[in-house]
Amino acid sequence: MKARIKFRKYGVLKFLGHLDVMRFFQKAMRRADIPVAFTSGYSPHMIMSFAQPLGLGITSEAEYLDIELAEPISSADALYRLNQTMADGIDVVSFRQINEDKKSSGMTLVAAAEYLVVPREAEATALREYNSSQPLFSAAFSDGIKAFLAQPEIIVLKKTKRSEKEADIKPMIYDFHLEPYGICLRLAAGSEANLKPDLVMETFLGFIKEEGKKLHYHRRELYAKNLEEGEPEYLSLEALGWEIPSLHYS
Amino acid sequence: MRKLALNDEILLKIEKPARYIGGEVNSVMKDPEKVDIRFAMCFPDVYEIGMSHLGIQILYDMFNRREDVWCERVYSPWVDLDKIMREQQIPLFALESQDPVKDFDFLGITLQYEMCYTNILQVLDLSGIPLHADQRDENDPIVIGGGPCAYNPEPLAEFFDLFYIGEGETVYDQLLDAYQANRQAGGSRKDFLEAACQIEGIYVPSFYETRYNEDGTIAEFCPVNSKAPARIKKQVVVDVTDTVYPEKPLVPYIKVTQDRVVLEVQRGCIRGCRFCQAGMLYRPTRERDVAQLKEYARQMLKSTGHEEISLSSLSTSDYSELKSLVTFLIEEFKGKGINISLPSLRIDAFSLDVMSRIQDVRKSSLTFAPEAGSQRMRNVINKGLTEEDILNGAGQAFEGGWNKVKLYFMLGLPTETEEDMEAIAVLADKVARRYYEIPKEQRIGKCQITASSSFFIPKPFTPFQWAEMLTNEEYIARAAIVKHAFLNQLNKKSLRYNWHDAEVTVLEGVFARGDRHTGKVIEEAYRLGCIYDSWTECFDNEKWMKAFENTGVDIGFYNLRRREEDEIFPWDFIDIGVTKEFLRKEWELAMNAEVTPNCRTQCSGCGAAVWKGGVCVESKN
């Protein structure tokens with residue numbers, strides 16, 4: 001049986017890289033006695049896969065990993081046990097069962113990511129309290145966003161390890177608007193098309209002549225495309241799973 | 001949410017920022033208002049090395065069991081952050097509270113190897129603590145040194161307020177109590193040091209003076225404070241079962257060198273190899289109760305979530321309950337995807353059977369440490385391993401499917417001849433020949449024999465403490481002789497030989513047996529920019545040579561001289577139980593290539609029996 005874990009990563013642990021988060025969860029599973037299944041062979045390892053790696057310095061309330069369970073465990077029990085062994089800056093939000101078929105797991109289904117962007121100095125308060133007596137961005141930003149998005153195309157220099165090439169990122173920006181507590185960005189994510197929030201914001205700051213403004217990025221959700229007809233177009237990865245009741249294994 | 005000492009800008013710029021954030025699983029947080037003593041425990045190397053050290057984990061756990069103490073950790077900032085901290089004048093901080101080290105009551109620094117000495121100065125300097133103990137005032141932490149290099153603390157004497165000589169589990173409580181008492185009585189720093197020096201095992205260097213002969217050797221070493229004892233007795237945990245052990249070791253976020261549960265099965269070694277300092281320092285050999293070790297294994301795997309457990313000791317094969325312990329570990333944990341690693345095992349039928357059960361034979365290699373190529377040389381160093389043992393062990397291993405063997409040797413040993421050097425290549429070739437004795441159809445391709453040599457460094461408290469070392473050039477010449485001999489072997493295509501750097505060897509030699517004068521060199525090298533000298537990418541021999549030149553300290557005096565029988569050594573004031581007479585007797589035996597039996601076969605009266613523990617009492621039962 002397969003399960004999906006949603007966790008938050010914040011505070012000092014925004015400095016923990018993706019590989020270290022993987023290591024952290026491997027050890028956490030053992031500490032919490034979660035019955036994760038192993039691969040066979042001489043050096044068995046846990047069957048575990050992570051969604052979309054999070055860049056260093058970014059906080060998140062919607063990180064995901066899928067695991068294969070060797071035996072069932074209830075959502076409530078797993079959640080409790082895992083949170084007994086988390087650290088300051090990382091905790092588990094939900095533990096849900098997901099479909100067994102291949103295309104439901106693995107993280108190939110990630111299609112979009114939503115970020116909240118705040119001025120770097122406002123990170124702690126803005127993210128903890130989700131409100132602010134003062135607007136975090138001036139009204140000029142709102143007009144700037146309108147003008148930015150009104151361009152026919154938004155050409156940037158995309159750098160990869162091997163090369164640099166020009167690309168139009170406009171089709172990958174699904175949403176970009178000002179909220180009372182920051183800027184909301186919903187961007188293409190996953191293996192087909194992927195856009196990093198800092199690339200969007202740097203381009204935008206250049207566009208409105210506010211270069212150099214230091215920003216903090218916070219991931220709010222990861223989405224899959226809704227395969228059913230109609231609304232909504234996207235579903236959070238969490239919404240694709242369901243709670244495992246206690247009776248199942250007692 | 002914890003506030004970090006470094007800002008986001010810096011943390012996003014440097015390598016592996018998680019080195020500096022603390023907050024690891026099983027780290028200890030306390031309210032600074034509710035503790036009396038703040039202790040910063042430092043391993044003066046990078047985080048990944050320091051976090052792998054069992055001794056710190058033991059002391060961290062032990063100190064934090066006290067309600068009135070909060071022990072935190074400090075490591076050397078890597079060179080990238082070091083530079084930024086200097087530029088921006090950011091004081092060095094402890095990982096847990098992120099508070100500046102300078103505000104602590106104690107800074108304890110573990111001294112594991114000589115090549116970390118400049119990093120000690122880095123830690124003091126970045127903390128804003130004066131490098132010299134005599135420059136510190138009431139606001140500075142008390143700087144304590146401990147660990148194996150504290151057995152010759154003299155090169156570091158000026159930089160430390162006190163040294164703790166021996167195993168940490170014994171008198172730290174007394175020391176901390178004395179600190180509290182002194183503070184409550186309104187005593188000064190000096191009052192505390194006077195109280196501390198009366199605790200067994202505590203050495204306060206400023207209370208002692210050395211007078212030198214004209215030739216530079218020591219004429220006299222004696223206390224100049226009436227409260228200080230003439231001799232310092234090393235601390236020993238007589239019963240290693242009935243003592244503290246960290247049941248919840250820290251679990252680093254980033255991958256460290258020793259990313260596993262470490263189970264210390266025993267302290268000390270019965271073997272008595274004459275080059276080995278640990279083998280003499282940690283006498284008598286003391287075993288931990290196997291039932292308790294099994295329980296620790298279970299608890300520590302559970303509390304850390306590590307996927308590997310390793311047994312630790314100087315010679316694991318000598319642990320009398322090894323079979324029971326290893327069988328337990330395999331049966332209990334192998335099925336749960338836990339790797340079991342068994343370093344320093346003698347290769348025999350039992351260990352081969354165990355290894356074939358816990359690792360992939362085709363991928364792993366076997367390690368032998370004959371240390372010397374010829375039997376004569378092995379007798380000199382009292383390494384009990386014979387050529388027959390090695391060839392038999394290798395033969396069994398080859399028949400069991402292994403085809404990779406590593407052999408470790410030392411070059412530059414006392415009395416070494418060209419024949420002894422060449423014997424290294426001959427022995428490696430014999431191992432290869434043994435492989436090709438197996439019928440071709442049963443072999444898995446070629447074998448791969450890798451021989452490595454390091455250069456021998458005489459250490460204090462060993463029978464070789466009187467021995468002379470060689471020059472850099474001579475070391476390289478000897479390695480070349482061995483290399484050449486390898487080219488003349490029948491199976492040269494299956495053999496590989498590599499050797500360690502000689503420049504570092506020379507420096508380690510100076511500081512291992514150095515006196516107080518050598519401290520100036522360390523300080524000068526640091527001023528010239530040396531840190532992380534044990535890291536090849538940082539080590540700069542030219543700066544070190546310049547430091548010797550600038551301070552007028554002669555390497556030859558420390559390294560190239562055979563010391564006289566009656567010479568007073570800088571470390572003679574420390575009483576490790578093992579007597580200088582015994583060591584001298586061992587030196588004489590070495591010169592005649594005569595061996596001494598191990599502690600279980602026959603007691604040789606080394607002096608460690610004064611502790612009335614471990615193997616010294618078990619043999620009389």
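Letters go in sequence order (proteins before strands), and every chain restarts at 1. As the structure is a prediction and not an experimental result, all values here were calculated from the model.
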Please report the interatomic distance [atom1]([X]) to [atom2]([Y]), rounded to the nearest 0.5 Å.
| X | Y | atom1 | atom2 | value |
| --- | --- | --- | --- | --- |
| B:Ile254 | A:Phe15 | CD1 | CZ | 14.0 Å |
| A:Arg23 | B:His306 | CZ | NE2 | 8.5 Å |
| A:Arg31 | B:Leu301 | CZ | CG | 12.0 Å |
| B:Tyr253 | A:Asp20 | OH | CG | 10.5 Å |

Residues of residues 255-263 of chain B contacting chain A, heavy-atom criterion under 4.5 Å, by residue number: B:Lys255, B:Asp259
Count the heavy atoms belonging to other residues, nucleotides or ligands that lie under 6.0 Å from [atom1] of [X], then report whether that count exceeds 12.
| X | atom1 | answer |
| --- | --- | --- |
| B:Lys406 | NZ | no |
| B:Phe350 | CZ | yes |
| B:Glu67 | CD | no |
| B:Lys30 | NZ | yes |
| A:Lys213 | NZ | yes |
| A:Glu211 | CD | yes |

Measure across [X] and [Y] and return the closest heavy-atom pair with its distance rounded to 0.1 Å.
| X | Y | answer |
| --- | --- | --- |
| B:Val25 | A:Thr85 | CG2-O, 4.3 Å |
| B:Pro17 | A:Leu56 | CG-CD2, 3.8 Å |
| A:Pro44 | B:Gly337 | CG-CA, 4.4 Å |
| A:Val12 | B:Arg2 | CG1-O, 3.7 Å |

In terms of heavy-atom proximity below 4.5 Å to chain A, should [X] be classed as side chain, backbone, both, or neither?
| X | value |
| --- | --- |
| B:Glu9 | both |
| B:Thr304 | backbone |
| B:Leu4 | side chain |

Atom group of A:Phe24 that falls short of 4.5 Å from chain B, counting heavy atoms: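 Contact with chain B is through the side chain of A:Phe24 alone.
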Chain A contacts, top residue of B:Lys302, B:Lys16, B:Met29 (heavy-atom pairs, under 4.5 Å):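 Looking at each of B:Lys302, B:Lys16, B:Met29 in turn, B:Lys302 comes out on top.
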For chain A, the option from B:Gly305, B:Ala18, B:Gly22 that forms the most heavy-atom pairs under 4.5 Å: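 Heavy-atom pairs under 4.5 Å are most numerous for B:Gly305.
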From CA spacing to verdict: side chain to side chain contact (heavy atoms under 4.5 Å, CB included), A:Leu13, B:Ile21: CA-CA 8 Å; A:Leu13 287 196; B:Ile21 62 176; 3.8 Å; yes
Side chain to side chain contact (heavy atoms under 4.5 Å, CB included) evaluation trace for B:Asp8 with A:Arg120: CA-CA 9 Å; B:Asp8 286 17; A:Arg120 190 180 276 176; 4.2 Å; yes
Sidechain-backbone polar pair: A:Arg30 side chain, B:Ser303 backbone, donor-acceptor under 3.5 Å: no
Chain B interface, residue from A:Lys214, A:Gln26, A:His45 that has the most non-hydrogen pairs under 4.5 Å: A:Lys214
